[in-house]
Student: 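I'd like to ask you about the structure that follows.
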Amino acid sequence: MAAFGGVRWVTRTLVAAPNPGAWRSLCTSAVAQAASRSQGEDVRVEGAFPVTMLPGDGVGPELMHAVKEVFKAASVPVEFQEHHLSEVQNMASEEKLEQVLSSMKENKVAIIGKIHTPMEYKGELASYDMRLRRKLDLFANVVHVKSLPGYKTRHNNLDLVIIREQTEGEYSSLEHESARGVIECLKIVTRTKSQRIAKFAFDYATKKGRGKVTAVHKANIMKLGDGLFLQCCEEVAELYPKIKFETMIIDNCCMQLVQNPYQFDVLVMPNLYGNIIDNLAAGLVGGAGVVPGESYSAEYAVFETGARHPFAQAVGRNIANPTAMLLSASNMLRHLNLEHHSNTIADAVKKVIKVGKVRTRDMGGYSTTTDFIKSVIGHLHPYGG
């Protein structure tokens with residue numbers, strides 16, 4: 001797996017540093033960078049894994065607080081370098097974007113909240129969130145949609161993965177008014193990026209022991225654009241004869257996911273379709289509050305919620321569900337080869353849900369975010385903290 005494996009290789013290199021001196025040498029430039037930041041930021045902890053944290057908008061800061069509290073209770077050897085980038089809180093500028101990029105490029109790993117994109121046009125078509133992903137070439141978004149034991153939904157025991165190309169397609173930010181009252185919005189599809197995401201999907205399926213990949217498209221209408229994407233998927237599929245390959249039109253895929261989601265294993269698709277399917281599939285297992293997500297380039301890994309919603313109406317009310325962010329943080333720890341800490345946190349979160357005594361409002365309960373965090377921390381203790 002070229003891209004997927006590349007990210008893991010970087011992590012293993014850091015973990016495998018033969019002695020503390022080697023680890024310190026790897027982090028020298030990061031230490032210098034941290035020293036030049038504002039005094040409000042945390043001092044680097046020697047021996048801890050440096051991770052960039054971007055709380056984002058809406059309930060993002062509250063969810064990040066949950067992560068920090070649980071990590072502290074579980075004695076996780078991670079040091080967060082926190083940055084703020086927001087278009088709705090007047091905390092967005094080229095300087096801030098470069099600071100975030102510098103930190104993420106240095107650390108290779110980040111955990112981020114939703115950076116809300118205003119609908120108003122203010123002279124720049126590409127949002128800061130889109131620009132961040134493009135500059136890091138975070139081409140593959142992975143959302144693992146899995147039912148949580150003890151929480152019943154219309155469909156139970158679901159286990160499927162959605163892989164989305166997120167650097168081109170409808171999100172290319174190429175729009176213009178060609179004539180008065182006529183707007184052209186360009187969708188960009190390239191062979192290189194279509195082949196890359198297809199290969200990522202098949203490599204992922206191979207690595208995770210999954211047996212089928214479904215390419216989702218609209219090539220019956222967009223014969224050239226989606227036609228190229230589909231052709232690339234078909235070409236890559238021939239290199240993986242042990243993995244079953246299917247294709248499905250996007251509208252039919254939406255219906256099939258609602259009627260019989262068990263037929264799917266790994267789905268790969270262009271940008272906009274992936275955004276829609278991520279949210280639809282999250283709804284099948286409980287909503288945006290319970291599904292983790294992650295994005296990869298050849299060098300970087302970013303962990304986030306699977307369905308990106310700021311949930312602005314819940315800000316300050318202590319009702320946000322931290323499940324998705326905590327599970328994403330657990331996945332981040334696994335990426336860092338901190339398997340014990342990853343399993344400890346994921347198991348604690350799942351036990352809280354399975355027991356069912358503490359549930360936030362989106363899961364039909366009345367517990368607060370604080371209640372949920374305390375319960376998760378309480379379930380860490382059997383593992384020795």
Side-chain angles (χ1 to χ4, degrees), residues 1-15 49-54 56 78 100-101 103-115 129-146 160-169 171 190 192-210 213 215 229 232-233 236 240 266-271 273-275 277-278 281 291-308 324-325 327-339 342:
M1 247 166 95
F4 191 73
V7 178
R8 301 290 299 187
W9 183 88
V10 169
T11 300
R12 284 196 294 270
T13 301
L14 295 178
V15 174
F49 289 87
V51 171
T52 302
M53 174 179 278
L54 199 59
V78 162
V100 172
L101 287 168
S103 176
M104 293 173 77
K105 287 178 179 178
E106 187 69 43
N107 297 333
K108 308 294 184 185
V109 178
I111 183 167
I112 68 174
K114 167 63 178 174
I115 304 172
D129 183 45
M130 290 167 60
R131 292 166 64 190
L132 185 69
R133 294 175 191 277
R134 285 183 196 163
K135 285 180 178 290
L136 295 173
D137 195 27
L138 295 169
F139 69 92
N141 177 241
V142 180
V143 176
H144 187 182
V145 180
K146 189 173 184 179
L160 56 94
V161 177
I162 301 160
I163 295 177
R164 163 193 178 192
E165 205 295 323
Q166 60 176 5
T167 59
E168 59 176 13
Y171 291 29
T190 63
T192 299
K193 292 189 175 183
S194 296
Q195 288 177 333
R196 182 172 66 169
I197 196 65
K199 188 176 189 306
F200 182 96
F202 278 92
D203 283 344
Y204 183 96
T206 301
K207 183 179 178 68
K208 301 294 184 179
R210 291 179 173 267
V213 172
F229 175 83
C232 290
C233 290
V236 172
Y240 298 82
V266 175
L267 300 93
V268 61
M269 61 201 75
N271 211 333
Y273 309 156
N275 194 358
I277 296 298
D278 282 347
V291 179
E294 52 220 53
S295 294
Y296 294 101
S297 72
E299 294 183 75
Y300 314 114
V302 173
F303 296 83
E304 56 195 334
T305 56
R308 303 168 191 163
M325 194 61 81
L327 292 178
S328 185
S330 169
N331 292 339
M332 180 187 75
L333 296 179
R334 183 170 293 109
H335 174 81
L336 291 170
N337 285 343
L338 295 171
E339 291 284 347
S342 172

Student: Once you round to the nearest 0.5 Å, how far does CG of N141 lie from CG of D278?
Tutor: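 With rounding to 0.5 Å, CG (N141) is 5.5 Å from CG (D278).
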Student: Any chance you could lay out the salt bridge (Lys or Arg N to Asp or Glu O under 4.0 Å) test for E304 and R133, step after step, and finish with the verdict?
Tutor: CA-CA 13 Å; E304 56 195 334; R133 294 175 191 277; 2.7 Å; yes
Student: How far apart are the closest heavy atoms of F139 and A298, and which atoms are they?
Tutor: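 In terms of heavy atoms, the two residues are closest at CE2-N, 4.2 Å.
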Student: Looking at E299 and K105, would you say the former's side chain and the latter's main chain have a donor-acceptor pair under 3.5 Å?
Tutor: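 Not a single qualifying donor-acceptor pair exists.
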Student: Say you draw a straight line from NE2 of H144 to CD1 of I163; how long is it, rounded to the nearest 0.5 Å?
Tutor: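 Separation between the atoms: 10.5 Å.
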Student: Could you state the interatomic distance from CG (L327) to CE (M332), rounded to the nearest 0.5 Å?
Tutor: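 Reported value, rounded in 0.5 Å steps: 12.5 Å.
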Student: I'd like to know whether Y204 forms a side chain to side chain contact (heavy atoms under 4.5 Å, CB included) with V142, so could you lay out the CA-CA distance, the side-chain angles of the two residues, the decisive distance to 0.1 Å, and finally the verdict.
Tutor: CA-CA 10 Å; Y204 183 96; V142 180; 4.0 Å; yes
Student: Where is the tightest heavy-atom contact between V213 and A205, given as atom of each residue plus distance?
Tutor: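 That would be CG2-CB, 3.9 Å.
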Student: Looking at T167, is its backbone amide N or carbonyl O close enough to the side chain of E165 to form a donor-acceptor pair, meaning the two atoms are under 3.5 Å apart?
Tutor: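 Confirmed, E165 side chain pairs with T167 backbone.
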Student: Tell me whether S342 contacts the main-chain N or O of L338 through its side chain, where contact means a donor paired with an acceptor under 3.5 Å.
Tutor: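 Looks like no, no N/O pair under 3.5 Å.
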Student: Does any part of the side chain of K199, heavy atoms only, come nearer than 4.5 Å to the side chain of Y240, both counted from C-beta?
Tutor: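 Yes, at least one pair of side-chain atoms sits under 4.5 Å.
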Student: Any idea which heavy atoms bring I162 and A281 closest together, and the distance?
Tutor: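 Heavy atoms only, the tightest pair is CD1-CB, 3.5 Å.
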Student: Is there a donor-acceptor contact under 3.5 Å from the side chain of S328 to the main chain of T305?
Tutor: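 No; zero donor-acceptor contacts below 3.5 Å.
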Student: On a heavy-atom basis, which atom in S297 and which in L138 lie closest, and how many Å separate them?
Tutor: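 Heavy atoms of S297 and L138 come nearest at N-CD2, 3.8 Å.
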Student: Mind checking the CZ-CG spacing from R134 to D137? Nearest 0.5 Å is all I need.
Tutor: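 Atom-to-atom, R134:CZ and D137:CG are 11.5 Å apart.
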Student: Test salt bridge (Lys or Arg N to Asp or Glu O under 4.0 Å) on D203 and R196 and set out the steps.
Tutor: CA-CA 10 Å; D203 283 344; R196 182 172 66 169; over 6 Å; no
Student: State, yes or no, whether a side-chain contact exists between E168 and P270 at a heavy-atom distance under 4.5 Å.
Tutor: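 No - every pair of side-chain heavy atoms lies 4.5 Å or more apart.
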Student: Does the side chain of Q166 reach to within under 4.5 Å of the side chain of S295, using non-hydrogen atoms?
Tutor: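 Yes - at least one pair of side-chain heavy atoms lies under 4.5 Å apart.
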Student: Under a plain distance cut-off of 3.5 Å, with no hydrogens placed, do Y171 and N275 share a side-chain donor-acceptor pair?
Tutor: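 Y171 and N275 do have a side-chain donor-acceptor pair below 3.5 Å.
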Student: Out of curiosity, D129 CG to I115 CD1, how far, rounded to the nearest 0.5 Å?
Tutor: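 Here the rounded value is 5.0 Å.
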Student: Considering all heavy atoms of both residues, which atom of I197 and which atom of S194 are nearest to each other, and what is their separation?
Tutor: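 Residues I197 and S194, closest heavy atoms: CG2-O, 3.3 Å.
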Student: What pair of heavy atoms forms the shortest contact from F202 to C233, and how long is it?
Tutor: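 Here F202 and C233 meet closest at CE1-O, 4.2 Å.
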Student: Could you walk me through whether L336 and V78 satisfy the side chain to side chain contact (heavy atoms under 4.5 Å, CB included) test, starting with their C-alpha distance in whole Å, then the side-chain angles of each, then the deciding distance to 0.1 Å, before giving a yes or no?
Tutor: CA-CA 10 Å; L336 291 170; V78 162; 4.2 Å; yes
Student: Go through it in stages, so that I can follow the logic: the residues are I111 and V51, the test is side chain to side chain contact (heavy atoms under 4.5 Å, CB included), and I'd like the CA-CA distance, side-chain angles, deciding distance and then a yes or no.
Tutor: CA-CA 7 Å; I111 183 167; V51 171; 4.3 Å; yes
Student: For the residue pair F200 and Y296, categorise the inter-ring angle as parallel (less than 30°), tilted (30 to 60°) or perpendicular (more than 60°).
Tutor: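 The rings of F200 and Y296 sit tilted, inter-plane angle from 30° to 60°.
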Student: Using 0.5 Å steps for rounding, measure from the CZ atom of F229 to the CE atom of M269.
Tutor: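 Atom-to-atom, F229:CZ and M269:CE are 8.0 Å apart.
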Student: Hey, mind stepping through V161 and L267 against side chain to side chain contact (heavy atoms under 4.5 Å, CB included) and telling me if it holds?
Tutor: CA-CA 6 Å; V161 177; L267 300 93; over 6 Å; no
Student: Under a 4.0 Å threshold between the charged nitrogen and the carboxylate oxygen, would E294 count as salt-bridged to R164?
Tutor: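 Salt bridge between R164 and E294, a charged N being under 4.0 Å from a carboxylate O: no.
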